[in-house]
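A, B, ... follow the sequence lines: proteins, then strands. Residue 1 opens every chain.
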Number of protein chains: 2
Amino acid sequence: MILDSETKAVELPDDHGTELRLWLRLLTCTTLIEGEVRSRLREKFDVTLPRFDLMAQLDKVSDGMTLSDLSKRMMVSNGNVTGLVERLVESGHLDRRTSETDRRVQFIRLTKTGRAEFRKMAAEHEKWIADVFSDLSPKDIRELMRLLAKAKGSAQRSAKARTA
Amino acid sequence: MILDSETKAVELPDDHGTELRLWLRLLTCTTLIEGEVRSRLREKFDVTLPRFDLMAQLDKVSDGMTLSDLSKRMMVSNGNVTGLVERLVESGHLDRRTSETDRRVQFIRLTKTGRAEFRKMAAEHEKWIADVFSDLSPKDIRELMRLLAKAKGSAQRSAKARTA
DNA sequence: TGCAATTTCTTTAAACTTCAAGCAATTGGC
DNA sequence: GCCAATTGCTTGAAGTTTAAAGAAATTGCA
């Protein structure tokens with residue numbers, strides 16, 4: 001059903017404009033918030049976002065995790081994590097020890113001070129995020145969660161199909 | 001109304017857990033898709049995502065734009081754009097000329113080959129994005145667009161309030 | 001057992017990114 | 001006109017990031 005240039009049905013063949021606009025909006029939102037979090041972390045705690053993210057992963061567990069686990073969860077490269085961990089061990093936030101059963105493996109943990117420092121930052125961080133989304137109703141949030149879950153599933157399927 | 005640890009209403013004071021989970025989900029989605037786009041751009045066109053993004057901004061206009069415009073639209077720092085533009089001029093994709101009325105200002109444009117090359121990549125890119133979101137119904141997409149617009153507005157308000 | 005494949009991690013080069021400082025040009029009062 | 005403030009851009013240092021190659025250890029299977 002191709003009409004004329006006024007009705008907008010001429011955007012064939014294959015109009016994928018809406019998906020593209022969705023992606024750009026998603027990206028804009030994330031970049032905006034990420035920048036905000038980055039600024040505040042630097043301002044209030046003089047810490048970088050990647051360091052905060054890494055510590056956040058480690059805070060979820062009590063007994064440490066390997067570099068590979070970290071890189072999977074953070075969705076960054078292995079070499080990236082090596083460097084980040086190195087600097088965080090250096091600054092006393094992290095603790096590393098080699099597995100006794102597999103000498104390739106390193107278990108990384110937050111040190112006592114590392115965890116304490118992170119918890120302080122995390123409490124503030126949670127408030128910032130709450131403020132960032134404070135124009136959204138509980139229903140908006142539920143709905144966004146649901147749709148983003150669906151989008152995530154779709155994206156994973158798409159990525160998997162390419163690699164396969 | 002504080003109950004007990006089973007009912008989950010004990011998460012006071014100030015439960016901001018849902019907002020935090022929303023942010024993490026948003027970030028995961030974006031990171032996932034961004035990584036996918038990055039891989040495909042490198043694979044098929046041997047180009048980096050930042051270069052593609054910069055060219056995408058320039059493709060929207062016919063007569064070029066300044067470095068400041070670029071950095072605002074891309075939401076990255078000024079110094080970042082300086083380097084990116086430098087490399088893209090070097091590779092023949094961009095063209096720069098100094099304003100005649102204000103000698104601080106540089107107008108940046110896509111070259112003929114730069115634009116042609118970008119258009120080819122953009123056409124593919126649009127298809128990838130369509131595939132990424134192909135599990136979502138038109139209604140899902142509309143709803144996501146609406147909610148992300150609201151989230152963006154909220155985030156902007158929050159950021160503005162901090163800077164002010 | 002032997003050894004090829006896999007896994008874990010590190011290293012390297014190049015690119016990207018931010019922040020802060022700085023330079024040059026312009027603007028806006030006065 | 002003067003000059004302080006602002007604007008546009010560049011530079012430099014530190015850090016982050018990826019991709020690719022490689023080293024070391026383990027695993028799995030013939």
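- For the pair A:S154 (side chain) and A:A151 (backbone), a donor-acceptor distance under 3.5 Å is absent.
- In this structure A:D140 satisfies the salt bridge (charged side-chain N to carboxylate O under 4.0 Å, His left out) test together with B:K150, sequence neighbours excluded.
- A:L26 contributes atom CG, which lies 15.0 Å from atom CZ of A:R21 (distance to the nearest 0.5 angstrom).
- When DNA chain D is scanned in the 5' to 3' direction for atoms under 4.0 Å from non-hydrogen atoms of chain B, the outermost contacting nucleotides are D:dT7 to D:dA19.
- The environment of CD in B:E43 is crowded: more than 12 heavy-atom neighbours from other residues, nucleotides or ligands sit within 6.0 Å.
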Please report, to 0.1 Å, the donor-acceptor pairs under 3.5 Å made by any side chain of residues 78-85 of chain B, with sequence neighbours excluded.
{"residue": "B:T82", "atom": "OG1", "partner": "B:N78", "partner atom": "O", "Å": "3.4"}

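- Distance alone, capped at 3.5 Å, places no donor-acceptor pair between the B:T66 side chain and the B:Q106 backbone.
- Residues passing the ring-ring contact (aromatic ring centres under 6.0 Å, His included) test with A:F118, sequence neighbours excluded: A:F52.
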Per-nucleotide protein contact string for nucleotides 8-20 of chain C, where B marks a base within reach and S marks sugar-phosphate only (heavy atoms under 4.0 Å, - for neither): SBBB---SSSBS-
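- Looking at heavy-atom distances under 4.0 Å, A:T101 makes contact with sugar-phosphate atoms alone, never a base.
- Applying the salt bridge (charged side-chain N to carboxylate O under 4.0 Å, His left out) criterion to B:E86, with sequence neighbours excluded, gives no partner residue.
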